[in-house]
Structure formats: structure tokens, C-alpha cells
K.L.:
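Structure provided below as C-alpha cells; questions to follow.
Please read all numbers here as calculations on a predicted model, not as lab measurements.
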Protein chains: 2
Amino acid sequence: MFSIGQLSKQTGVKVPTIRYYEQVGLLVSAGRTEGNQRRYDTDGLERLGFIRHARDLGFSIEAITALIDLQQHPDRSCQEATQIAQHQLTDVREKLLRLKALETELVRIADGCDGEGNSDECYVLASLADHQHCRGEH
Amino acid sequence: MFSIGQLSKQTGVKVPTIRYYEQVGLLVSAGRTEGNQRRYDTDGLERLGFIRHARDLGFSIEAITALIDLQQHPDRSCQEATQIAQHQLTDVREKLLRLKALETELVRIADGCDGEGNSDECYVLASLADHQHCRGEH
DNA sequence: CTTGAAGCTCTAGTGACTAGAGGTTGTAGA
DNA sequence: TCTACAACCTCTAGTCACTAGAGCTTCAAG
């Protein structure tokens, strides 16, 4: 049996975050001591590892809830899990495209100015004021 | 003189968002009508355009406040603006790296499973449960 | 002068935590 | 067995950048 602090150390998830996960129904403790402190078993440890990993990959709490639900019904089709992962992948790819465009634009803006001179002739400020300067879309 | 709705149409920024910008001190209206409705001049229009553009590029409200502050003191050095833009660029590049790693990982996970079979043998779920499967860091 | 779209303020909700107050429990050492 | 204190508990409120809704008032076209 682990205390919430031990669980935290082993998974790298902060104590208040673990309590938050309980609050939203993601991770329930195995039980409580007489003094009302949470105790977890290895099941809880694994579950939190799963949550942590999925969060690191950017899955939302909602998506993780669905995935855990799926885990607990081993007879249900795997398709749903694949769909969730695919959706996440699409999402990440969209963000990537967007960020790449931003990077290009920011390089242009930030490098256009040497930092000398006063702000009334600053290229950074001028670029932000006038979208015309931009090459791409955003 | 523009109403808040006209300003919204011209810039593509939603009406409640414009009011929110006022609340946080980013954009003050030129004045009010007798009936207490906001009225803006071309200055406000340009200012909102600036804000919109900077937000699209991912600058925080705080950073934009600093940039606008700089605009209003044309005698101050341009260096500060360049610094803010450089910081934003660094930030975007970090996010890019992270997202690229996630993409790789998600491709591996999502493509490893054909969606057939049941969830007790699902590669997506197994991968999420076990970080060992991962090739890179995240 | 009427109608209704557009405006107003205020409060609360979003997601995924994080911070702090103020009180209680578990456990190691004396 | 006692004591000290780290770790635990609950609850509320704050973060960021909006968004939604209630309930009311004003503006402008016909």
C-alpha cells in the first residue's frame, strides 16, 4: 500500500494533481486509513502511470477517461482506442503546421530588427501593426 | 466613430473579446454615447488590429501590453520589443520540438493497431500503459 | 413611435491544474 | 509512551484567455 506522496514520487505526478484526478473520476484510491488518508495499491500505481503517459502525449482528460473505460471492458472493440489515438495525431499535426507558420513569421519579425534605434522605427512593432507585411497566413 | 459591433466585424475579434480586452486594460474605447455604449475611432481600430495580429502569433496578453506600452513611448529603445519577439520565437521553437516528438510517438502507437480485435490486446492501450515501448523522450 | 437587433453589466464556466489557509494524522526517534 | 513535524486532509480561490447566459437598456430603421 502506498500513500499519495509515495505514489507521487514513483510517477512524477504532483500530489495535488493526483487529488485532482480523483475529483474528476480518473483515479480512485484503493481505500482510506482510519485517519482518512488515501492508500493505493499497485493497480493504482499502474493506472496513474497510464494517465501520466497519456497526458504527456497530449490526450485530454476526457480522452483518457474513454481509454480507461475501454481498458476495463476487454471484450469491447479496439477500434475506439485507435480512433482516439488517430484523432490525437490529427490534432498534433494541425498544431505542428500552425506552429511552423508562426515560426517563419516570427523569424522574419524578430530578425528584421537589430534592437538598435528607438521604438518609433521598430520593425517588430511595425510588423505587428500591419498584417500586410506577412508572407503567409495565420 | 464605430460601435463595438462594427469594430468586431472589421477585425474579426468577437464582441465579448473586445470587452474583455478593455477589462484587462488592453484596449480602451474612445468614449461612450449618452446611453453608455462604447464608441471607437480609427486609433482603436488599429490598436485592435495590432492586438489581433499579435495574439494570432501567440503573444500573451502580458507581452502585448508591454509592446503597446512601448509603442506609446516612441523614444524608448527598440531592444525591448525585439527581446519580447525573440522570447516568443524561442517558445514557439520549444513547442515545435515537443510536438514533433509527440507526432513520432503517436504515429507509432496509432499505426501499430489495425483497429481489429478486442481492447484486451490493443496496441494503443498497451503502449499507453507501458512507457518502455517508447523510442524517444517525452 | 414602434420594433428588434445590438448594446450594456454581472456572474459563472471552460481545462487542467496550482496555491494557500487552516486543521489532522502518521511515524520516527528519544 | 511521548513528542515533534512531515505529510496528509478539505475547501476555496486563482491561473489564462476567453465564452455563455441572464436580465436589462439603447440605437436606428421603417
Side-chain angles (χ1 to χ4, degrees), chain A residues 1-40 44 48 50-68 84 87-88 91-92 95 98 102 138, chain B residues 1-40 44 48 50-68 84 87-88 91-92 95 98 102 138:
Chain A
M1 289 298 222
F2 314 105
S3 70
I4 197 168
Q6 289 168 326
L7 208 66
S8 169
K9 256 186 203 145
Q10 294 206 46
T11 57
V13 178
K14 287 181 192 159
V15 169
T17 305
I18 299 175
R19 287 199 274 252
Y20 168 73
Y21 287 157
E22 178 175 306
Q23 201 188 307
V24 297
L26 255 193
L27 177 69
V28 192
S29 66
R32 300 271 183 140
T33 64
E34 278 190 25
N36 199 33
Q37 298 196 357
R38 279 165 258 250
R39 286 299 113 103
Y40 299 87
L48 187 55
F50 180 94
I51 296 169
R52 161 104 220 250
H53 194 184
R55 281 298 300 139
D56 279 353
L57 288 166
F59 287 84
S60 69
I61 297 283
E62 199 189 343
I64 298 173
T65 305
L67 288 169
I68 285 179
I84 295 172
H87 184 272
Q88 180 62 19
D91 208 67
V92 164
K95 278 184 192 151
R98 209 179 126 67
L102 290 198
H138 48 245
Chain B
M1 288 298 220
F2 314 105
S3 70
I4 196 168
Q6 290 170 325
L7 208 66
S8 169
K9 256 187 202 144
Q10 294 206 46
T11 57
V13 178
K14 287 180 192 159
V15 169
T17 305
I18 299 175
R19 286 198 276 252
Y20 168 74
Y21 287 157
E22 178 176 307
Q23 201 189 306
V24 298
L26 255 193
L27 177 69
V28 193
S29 66
R32 299 270 183 141
T33 63
E34 278 189 25
N36 199 34
Q37 299 197 356
R38 278 164 258 250
R39 286 298 112 106
Y40 300 88
L48 187 54
F50 181 94
I51 296 169
R52 159 103 221 250
H53 194 185
R55 282 297 299 139
D56 279 353
L57 289 166
F59 287 85
S60 69
I61 297 283
E62 199 188 346
I64 298 172
T65 306
L67 288 169
I68 285 180
I84 294 173
H87 184 272
Q88 180 63 19
D91 207 66
V92 164
K95 279 184 193 151
R98 209 179 127 68
L102 290 198
H138 48 244

K.L.:
Can you tell me the distance, in whole Å, between the CZ atom of A:F2 and the C1' atom of D:dA7?
P.N.:
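Taking CZ of A:F2 and C1' of D:dA7, I get 17 Å after rounding.
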K.L.:
Taking atom CD of A:E62 as the centre, does the number of heavy atoms from other residues, nucleotides or ligands within less than 6.0 Å exceed 12?
P.N.:
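It does not: A:E62 CD has 12 such atoms or fewer within range.
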K.L.:
Measure from the side-chain heavy atoms of A:R39 and tell me the nearest of C:dC17, C:dT9, C:dT27.
P.N.:
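The nucleotide sitting nearest to the side chain is C:dT27.
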K.L.:
A:Y20 OH to D:dA13 C1': how many Å, rounded?
P.N.:
15 Å
K.L.:
Could you state the CE-P distance from B:M1 to C:dG7, rounded to the nearest angstrom?
P.N.:
15 Å
K.L.:
Is the backbone N or O of A:S3 less than 3.5 Å from a side-chain atom of A:Q37, with the two atoms forming a donor-acceptor pair by type?
P.N.:
no
K.L.:
Taking the minimum atom-to-atom distance to the side chain of A:P16, which one of C:dA16, D:dA17, C:dT18 wins?
P.N.:
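Output: C:dT18.
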K.L.:
Would you mind telling me which of D:dC27, D:dT10, C:dT18 lies closest to the side-chain atoms of A:R32?
P.N.:
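My answer, after comparing the listed nucleotides, is D:dT10.
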K.L.:
If only side-chain N and O atoms of B:Y21 are considered, is one of them under 4.0 Å from the OP1 or OP2 phosphate oxygen of D:dC18?
P.N.:
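For B:Y21, the contact criterion (side-chain N or O under 4.0 Å from OP1 or OP2 of D:dC18) is met.
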K.L.:
Within the structure, does a side-chain N or O atom of A:R38 lie under 4.0 Å from either OP1 or OP2 of D:dC9?
P.N.:
yes
K.L.:
Could you please name the option among D:dC18, D:dC9, C:dT18 that lies closest to any side-chain atom of A:T17?
P.N.:
C:dT18
K.L.:
Can you tell me how far P of C:dC10 sits from CD of B:E22, to the nearest Å?
P.N.:
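Answer to the nearest Å: 12 Å.
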K.L.:
Where the side chain of A:K14 is defined as all heavy atoms beyond and including C-beta, which of C:dT18, D:dC9, D:dT26 is the nearest nucleotide?
P.N.:
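Side chain of A:K14 sits closest to C:dT18.
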K.L.:
Among B:M1, B:R19, B:E22, B:R39, exactly one meets side-chain contact (heavy atoms from CB on, under 4.5 Å) together with B:S29. Which residue is that?
P.N.:
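Among B:M1, B:R19, B:E22, B:R39, the one that satisfies the side-chain contact (heavy atoms from CB on, under 4.5 Å) with B:S29 is B:E22.
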K.L.:
Taking the nucleotide of DNA chain D with the nearest heavy atom to each, does B:R55 or B:E34 sit closer to the 5' end?
P.N.:
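Nearest nucleotide further toward 5': that of B:R55.
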K.L.:
Take the protein atom CZ of A:F59 and the nucleotide atom C1' of C:dA16, then report the distance between them rounded to whole Å.
P.N.:
17 Å
K.L.:
Using heavy-atom distances to pick each residue's nearest nucleotide on DNA chain D, tell me which of A:N36 and B:I61 is more 5'.
P.N.:
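Residue closer to the 5' terminus by nearest nucleotide: A:N36.
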K.L.:
Rounded to whole angstroms, how far apart are CG on B:L26 and P on D:dA17?
P.N.:
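Going from B:L26 (CG) to D:dA17 (P), I get 10 Å.
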K.L.:
Side chain of B:T33: nearest nucleotide among D:dC8, D:dC27, D:dC18?
P.N.:
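Per side-chain heavy atoms of B:T33, the pick is D:dC27.
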K.L.:
Quickly work out the A:Q6 CD to C:dT27 C1' distance and round it to whole Å.
P.N.:
12 Å
K.L.:
Is the shortest heavy-atom distance from the side chain of B:I51 to the side chain of B:I68 under 4.5 Å?
P.N.:
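Contact flag for B:I51/B:I68 side chains = yes.
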K.L.:
Can you identify which nucleotide, out of C:dT9, D:dC8, C:dG7, has its nearest atom closest to the B:I4 side chain?
P.N.:
C:dG7
K.L.:
Mind calculating the distance between CD1 (B:I18) and C1' (C:dC8) to the nearest angstrom?
P.N.:
14 Å
K.L.:
Both A:E62 and B:G35 contact DNA chain C. Taking the nearest nucleotide for each, which residue is further toward the 5' end?
P.N.:
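Nearest nucleotide further toward 5': that of B:G35.
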K.L.:
Does any non-hydrogen side-chain atom of A:Q10 lie less than 4.5 Å from one of A:Y40?
P.N.:
no
